Amino acid sequence: MQDPRVSAMFGRDRAAAILAVVVVWLVYAFTFWTMRDAIAAAGLTGLMVGVGLCVVLLNTAAVAAMIRHYGEDRAAIYGMDLYYLDELRAWRRKGEV
């Protein structure tokens, strides 16, 4: 039986990763939108769109792969964290920390 805290930790990490990807997309869109006149004046619109899309798509793919890996191996990844959190909590109860 898997500790329910593992699912909770994975859910929080997945939500934070998705939020980070959304923020990256928004930052790139905002930056392009605010700089579009200067980019167009320099004749670099196609290049900037292409490079920006490559960056956000590769970041999105990397985060998706990380979420998938964490989902597959969550017991090992989060189990170790929980072990040490439980140990620290026990030490604090005993007054050792």
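Quantities reported herein were computed from a predicted structural model and do not represent experimental measurements.
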Pair Phe10, Ile67 - check side chain to side chain contact (heavy atoms under 4.5 Å, CB included), show working.
CA-CA 9 Å; Phe10 174 68; Ile67 291 171; 4.2 Å; yes
Going through the checks in order, is the side chain to side chain contact (heavy atoms under 4.5 Å, CB included) test met by Arg5 and Leu85?
CA-CA 11 Å; Arg5 296 178 297 170; Leu85 287 171; 5.8 Å; no
Is there a side chain to side chain contact (heavy atoms under 4.5 Å, CB included) between Leu47 and Leu44? Walk through the geometry before answering.
CA-CA 5 Å; Leu47 177 67; Leu44 298 172; 4.1 Å; yes
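Under the rule for a side-chain hydrogen bond (donor to acceptor under 3.5 Å, both in side chains), Tyr70 has no partner lying at least two apart in sequence or in another chain.
Of the possible donor and acceptor atoms, none in the side chain of Arg92 sits under 3.5 Å from a partner among the backbone N and O of Arg89. Of the possible polar contacts, one joining the Asn59 side chain to the Val55 backbone as a donor-acceptor pair under 3.5 Å is found.
Taking CG from Asp81 and CE from Met9, the interatomic distance works out to 4.5 Å, rounded to the nearest 0.5 Å. The distance from atom CZ of Phe32 to atom OG1 of Thr45, rounded to the nearest 0.5 Å, is 5.5 Å. Between atom CE of residue Met48 and atom CE of residue Met35 there is a gap of 8.0 Å, rounded to the nearest 0.5 Å. Here Arg36 contributes atom CZ and Thr31 contributes atom OG1; the two are 12.5 Å apart, rounded to the nearest 0.5 Å.
Side-chain heavy atoms closer than 4.5 Å link hydrophobic residues (I, L, V, M, F, W, Y) into clusters, and following such links, even through other members, never connects Leu88 to Val6. Linking ILVMFWY residues whenever their side-chain heavy atoms come closer than 4.5 Å, directly or via other members, leaves Val24 and Val27 in distinct clusters. Hydrophobic clustering (ILVMFWY, side-chain heavy atoms < 4.5 Å, transitive): Leu82 and Trp91 are in distinct clusters.
Of all heavy-atom pairs between Ala17 and Val63, the closest is CB-CG1, 3.7 Å.
A donor-acceptor contact closer than 3.5 angstrom is absent between the side chains of Tyr78 and Asp3.
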